[in-house]
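The chains referred to below are lettered A, B, ... by the order of the sequence lines, with proteins before strands, and numbering in each begins at 1.
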2 protein chains.
Amino acid sequence: MTLKVGNCLEELKTLDDSIADVIYLDPPFFTQKEHQLKTRDNLKEFKFVDKWTSLEEYLNFMDQVIKESNRILKKTGSVFLHCDKSASHHLRILLDKSFGSENFRSEIVWCYKRWSNSKKGLLNSHQTIYFYSKSQDFKFNMFYDSYSPTTNVDQILQERMRAKNGKTQYKRDKNGEIVNIKDKKGVPLSDVWFIPYLNPKAHERSGYPTQKPILLLERIIQLTTNEGDLVLDPFCGSGTTIVTAKMMNRQFIGIDISPDSISLTKQRLKNLVKTKSNLLERGEGDYINKNKKEFSILDSIDAIPVQRNSGIDGFLKAKYLGELIPIKIQREDETIQEALNKLLKSGKSKKYEYMILIRTNHNQQSFHDSFECENDHVLIMNSYDLFIEDWVKLNKLSVSTSFSLQKEQDAISTN
Amino acid sequence: MTLKVGNCLEELKTLDDSIADVIYLDPPFFTQKEHQLKTRDNLKEFKFVDKWTSLEEYLNFMDQVIKESNRILKKTGSVFLHCDKSASHHLRILLDKSFGSENFRSEIVWCYKRWSNSKKGLLNSHQTIYFYSKSQDFKFNMFYDSYSPTTNVDQILQERMRAKNGKTQYKRDKNGEIVNIKDKKGVPLSDVWFIPYLNPKAHERSGYPTQKPILLLERIIQLTTNEGDLVLDPFCGSGTTIVTAKMMNRQFIGIDISPDSISLTKQRLKNLVKTKSNLLERGEGDYINKNKKEFSILDSIDAIPVQRNSGIDGFLKAKYLGELIPIKIQREDETIQEALNKLLKSGKSKKYEYMILIRTNHNQQSFHDSFECENDHVLIMNSYDLFIEDWVKLNKLSVSTSFSLQKEQDAISTN
DNA sequence: TCCAGAGATGAATCCACCC
DNA sequence: GGGGTGGATTCATCTCTGG
């Protein structure tokens with residue numbers, strides 16, 4: 001339970017051998033920039049400098065940090081080195097050297113969605129965490145994820161066996177019945193972690209730049225330590241590791257060269273704040289207000305779908321009439337009039353002149369009733385399905401059905 | 001359009017300087033294993049050996065491959081090196097050396113869900129693709145994704161500006177009204193690609209181990225080349241790169257040391273030509289884009305696409321009137337009359353009573369002309385796009401007052 | 001040639017407002 | 001007043017321009 005202000009290397013050298021269960025290293029990434037940020041109340045500015053005279057200088061420093069970390073770890077302990085594309089390959093070579101490539105455990109990818117920029121090329125949206133253990137005999141608490149919704153339920157619930165030809169098949173008992181699996185824990189945790197980036201508006205934000213989310217550290221600490229174990233963070237920064245360790249009843253040592261950083265950490269310890277991520281808790285699906293049908297309509301007219309507004313479902317990609325044109329698709333529980341009103345309201349407050357409404361049903365109206373909108377800046381068109389439905393209804397009145405099974409099968413087999 | 005059996009390095013040396021637009025390198029990953037797999041019919045076994053006397057031997061080989069690749073690339077060209085945790089860090093150092101670290105573009109993470117062996121530790125479920133360009137002046141086709149469901153519409157719609165204090169806020173015009181954004185493309189493609197490992201279509205599987213999904217190669221080729229450009233794959237394997245290049249109308253060179261591999265590639269190419277011949281022979285532009293529109297129309301009316309003959313493109317999944325209903329989508333080069341005739345002919349020979357024709361353009365007709373079909377067993381409906389197109393044209397004609405010339409010209413130029 | 005500053009950007013939270 | 005909707009805000013990236 002220690003927090004120290006001081007040069008990371010010197011402080012590490014004062015620590016005993018084989019005492020730490022996990023060390024989380026979150027050093028400067030070799031971005032060659034100065035990082036700064038203000039607190040939410042704008043009163044205080046935190047910064048740190050990540051500028052080096054050369055890659056060699058940086059790597060020399062990091063090599064020593066890694067060597068010391070190895071010394072301080074218990075035989076069953078692990079290290080997590082957080083970095084990004086800037087120097088990850090060089091750092092891993094240092095890790096191989098100090099820990100041995102046989103103690104490489106995982107390359108963890110932390111990925112997230114974040115604001116975009118106008119870069120030519122791909123949008124960078126992940127960082128890398130190298131996971132090495134001090135020995136083969138490392139402490140590891142297995143962690144299981146829930147099955148993905150797309151997983152075939154049969155595969156979860158049925159036992160499998162190997163047939164004579166070496167292929168796997170579902171097991172049957174002597175009566176030919178399928179055999180259900182008794183105990184399935186879920187899917188072992190993947191090495192790709194989707195954890196939302198700490199939002200600029202989140203309460204969890206302390207004002208320290210490059211702050212990591214508590215959720216990330218929770219996972220690392222959970223995987224490699226038990227209660228009472230010792231967590232060491234030599235690049236303490238905003239103190240996320242320390243705060244998380246405290247919340248999880250682990251012991252901790254935090255080191256940082258900046259007094260500001262250590263006092264911030266102390267402050268956060270006194271007042272433990274963890275943002276609950278709505279996104280993670282509710283899932284992405286909770287934000288989506290469209291079903292597959294509506295998406296596919298938008299797709300087929302080359303529109304960009306948007307969420308979080310009941311009046312607008314998307315925009316035409318093409319810039320007809322020199323403007324973006326918003327689109328709404330009538331919902332099953334809306335009358336066409338209600339749908340139109342919502343669209344007009346959204347369109348008006350956003351000053352849109354031209355809009356498109358797609359009618360998908362005749363809710364509370366006979367299909368004979370026509371619907372006219374006096375505003376000719378709104379295009380109202382029937383969905384294909386509605387067209388077909390009406391046509392079928394019209395024909396049904398006059399036609400009796402003839403139907404051959406053979407015909408149907410022919411048609412399907414051409415697929 | 002060449003396929004060569006031979007040692008990768010020797011064959012590369014026979015190629016001229018500066019000819020390739022993209023090179024996809026999918027070498028052995030230094031797994032120190034022999035990989036083998038049988039075809040689906042169990043008749044043939046493919047294998048390759050990824051065993052080396054030392055890391056140095058492997059890296060020496062790869063260094064030469066990378067140097068040759070650099071030489072063969074055009075100045076605007078790019079290389080994608082596919083690898084995994086086994087040697088990725090060493091390989092990236094070689095890339096830095098040959099291409100220069102300033103030409104590092106992205107570390108692409110290909111991640112997927114995978115069935116688990118529950119070893120101690122995290123489940124490995126990603127591979128890495130390093131993307132380097134030969135120069136800063138590299139060819140790159142931007143590619144956009146949908147917005148996140150949590151993004152609110154105002155973000156997307158309203159222009160913003162920087163206030164005096166440096167903070168961003170929504171822009172207002174001199175009347176205090178919000179200013180709309182004119183053009184939105186979506187979110188730039190991320191460097192984390194989730195693409196299923198085993199492709200949904202199992203018959204894509206050739207029996208070759210470590211086969212890569214077509215979707216992955218499609219994306220790489222799309223990002224960095226245009227039609228007619230040259231794609232080179234020195235580790236051809238099952239030939240996915242070559243097959244994809246062919247489908248996308250790119251030129252290609254494939255090299256592999258194994259005659260089995262090259263003959264498999266040839267077979268896949270022939271098969272592709274056989275099944276897709278209708279589309280490829282028409283030779284009208286990008287096969288993939290062309291079909292997206294038609295597929296998405298069929299998808300949005302819940303229809304099953306069928307092998308395309310000129311008369312029928314799909315069938316409604318729902319059996320209205322107890323009958324299957326065939327659908328045709330008017331081609332760009334057909335008049336609506338021609339399209340109807342083809343549909344009627346196909347429908348008649350197969351004795352379909354009811355049919356649907358979707359009109360996508362006014363080929364050789366003014367949009368004022370209406371087209372009536374006396375056969376009321378055929379439903380003719382306009383595509384959404386056609387509706388919108390007509391609406392735009394109408395507005396251009398009738399709305400003269402509230403319509404500025406600039407707007408009109410924009411509309412024309414987007415057409 | 002290099003640096004400073006302005007501009008653009010969207011995810012996800014907070015929060016004001018409205019029934 | 002509370003549940004839901006949608007508007008406002010902030011961050012760290014990259015590009016571009018001018019001195």
*Asks:* Check this for me, if you would: do A:Glu334 and A:Lys328 make a salt bridge, where the nitrogen-to-carboxylate-oxygen distance has to be below 4.0 angstrom?
*Replies:*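 Salt bridge flag = yes for A:Lys328 with A:Glu334.
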*Asks:* Could A:Asp313 and A:Arg331 be called an ion pair, given the rule that one side-chain N must be under 4.0 Å from one carboxylate O?
*Replies:*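 Judged by the 4.0 Å cut-off on N to carboxylate O distance, A:Asp313 and A:Arg331 do form a salt bridge.
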*Asks:* How long is the line joining CG of B:Asn180 and C1' of C:dA8, in whole Å?
*Replies:*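 After rounding, the reported distance stands at 17 Å.
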*Asks:* Would you say B:Tyr147 places a side-chain N or O within less than 4.0 Å of OP1 or OP2 belonging to C:dG10?
*Replies:*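 Yes, within the criterion.
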*Asks:* Parallel, tilted or perpendicular, judged at 30° and 60°: which one describes the rings of A:Tyr58 and A:Trp52?
*Replies:*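 Rings of A:Tyr58 and A:Trp52: perpendicular, over 60°.
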*Asks:* Does a nitrogen or oxygen in the side chain of B:Tyr144 sit under 4.0 Å from OP1 or OP2 of C:dT9?
*Replies:*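 False: B:Tyr144 side-chain N/O out of range (4.0 Å or more) of C:dT9 OP1/OP2.
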*Asks:* Quick one: label A:Gly121 by what it contacts on the DNA or RNA (base, sugar-phosphate, nothing), any heavy atom closer than 4.0 Å.
*Replies:*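 It contacts nothing in the nucleic acid.
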*Asks:* Is any N or O donor-acceptor pair between the side chain of A:Trp115 and the base of C:dA11 shorter than 3.5 Å?
*Replies:*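 Flag unset: no donor-acceptor pair detected.
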*Asks:* Mind calculating the distance between CE (B:Met142) and C1' (C:dA8) to the nearest angstrom?
*Replies:*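 From B:Met142 CE to C:dA8 C1': 13 Å.
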*Asks:* Using a cut-off of less than 4.0 Å, is there contact between a side-chain N or O of B:Thr150 and OP1 or OP2 of C:dA12?
*Replies:*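 Looking at the OP1 and OP2 atoms of C:dA12, one of them is under 4.0 Å from a side-chain N or O of B:Thr150.
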*Asks:* Considering heavy-atom distances to DNA chain C, does A:Phe194 or A:Ser116 have its closest nucleotide positioned more toward the 5' end?
*Replies:*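 Result of the comparison: A:Ser116.
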*Asks:* State, without any angle test, whether A:Asp84 and A:Ser86 hold a side-chain donor-acceptor pair at a distance under 3.5 Å.
*Replies:*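 Looking only at side-chain atoms, A:Ser86 and A:Asp84 do form a donor-acceptor pair, the distance falling under 3.5 Å.
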*Asks:* Who is the Watson-Crick or G-U wobble partner of C:dT1, with both distances under 3.5 Å?
*Replies:*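 Across any shown strand, C:dT1 pairs with none.
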*Asks:* Hey, is the side chain of A:His203 poking within less than 4.0 Å of OP1 or OP2 on C:dT13, counting only N and O atoms?
*Replies:*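 Looking at the OP1 and OP2 atoms of C:dT13, neither is under 4.0 Å from any side-chain N or O of A:His203.
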*Asks:* Does A:Lys342 reach a base, just sugar-phosphate, or nothing at all? Heavy atoms under 4.0 Å.
*Replies:*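 No contact.
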*Asks:* Just the rounded figure in Å: distance from P of D:dT9 to CZ of A:Arg205.
*Replies:*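 Nearest whole value for this atom pair: 18 Å.
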*Asks:* Can you measure A:Phe29 atom CZ to D:dT13 atom C1' for me and round it to whole angstrom units?
*Replies:*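 In whole Å, D:dT13 C1' lies 14 Å from A:Phe29 CZ.
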*Asks:* Below the 4.0 Å mark, does D:dC14 have OP1 or OP2 next to a side-chain nitrogen or oxygen of A:Lys33?
*Replies:*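 Answer is yes, contact under 4.0 Å.
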*Asks:* Please tell me if the side chains of B:Gln155 and B:Tyr147 come closer than 4.5 Å, counting only heavy atoms from C-beta onward.
*Replies:*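 Sidechains of B:Tyr147 and B:Gln155: no contact.
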*Asks:* Report, one pair per line, the protein and nucleotides 5-8 of chain D atoms (nitrogen or oxygen only) whose separation is under 3.5 Å.
*Replies:*
unit_1: D:dG6; atom_1: OP1; unit_2: A:Ser310; atom_2: OG; d: 3.0
unit_1: D:dG6; atom_1: OP2; unit_2: A:Ser310; atom_2: N; d: 3.1
unit_1: D:dG6; atom_1: N7; unit_2: A:Arg308; atom_2: NH2; d: 2.6
unit_1: D:dG7; atom_1: OP1; unit_2: A:Lys350; atom_2: NZ; d: 3.3
unit_1: D:dG7; atom_1: OP2; unit_2: A:Lys350; atom_2: NZ; d: 2.7
unit_1: D:dG7; atom_1: OP2; unit_2: B:Asp154; atom_2: OD1; d: 2.6
unit_1: D:dG7; atom_1: OP2; unit_2: B:Asp154; atom_2: OD2; d: 2.6
unit_1: D:dG7; atom_1: O5'; unit_2: B:Asp154; atom_2: OD2; d: 3.2
unit_1: D:dG7; atom_1: N7; unit_2: B:Asn152; atom_2: ND2; d: 3.4
unit_1: D:dG7; atom_1: O6; unit_2: A:Arg308; atom_2: NH2; d: 3.1
unit_1: D:dA8; atom_1: N7; unit_2: B:Asn152; atom_2: ND2; d: 3.4
unit_1: D:dA8; atom_1: N6; unit_2: B:Asn152; atom_2: ND2; d: 2.5

*Asks:* Could you give the CD1-to-P distance, from A:Ile288 to C:dA12, as a whole number of Å?
*Replies:*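 Rounded to the whole Å, the gap is 12 Å.
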*Asks:* Round to the nearest Å and state the distance from A:Lys51 atom NZ to C:dC2 atom C1'.
*Replies:*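 Between C1' of C:dC2 and NZ of A:Lys51: 12 Å.
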*Asks:* For B:Tyr144, does the six-membered ring have the charged nitrogen or CZ of B:Lys184 within the cation-pi criterion, i.e. under 6.0 angstrom from the centroid and within 45° of the normal?
*Replies:*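 Because its charged atom misses either the 6.0 Å distance or the 45° angle limit, B:Lys184 does not stack over B:Tyr144.
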*Asks:* Can you tell me if CD on B:Gln136 sees more than 12 non-hydrogen neighbours from other groups inside 6.0 Å?
*Replies:*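 Yes, enclosed.
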*Asks:* Quick one about A:Asn341 and A:Gln337 (side-chain donor to acceptor, distance below 3.5 Å, no hydrogens or angles considered), yes or no?
*Replies:*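 Yes.
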*Asks:* How many whole angstroms separate atom CG of A:Asn199 from atom C1' of C:dG10?
*Replies:*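 It is 10 Å, rounded to the nearest whole Å.
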*Asks:* Starting at atom NZ of B:Lys185, determine the distance to atom P of C:dA8, rounded to an integer number of angstrom.
*Replies:*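 Those two atoms, NZ and P, are 13 Å apart.
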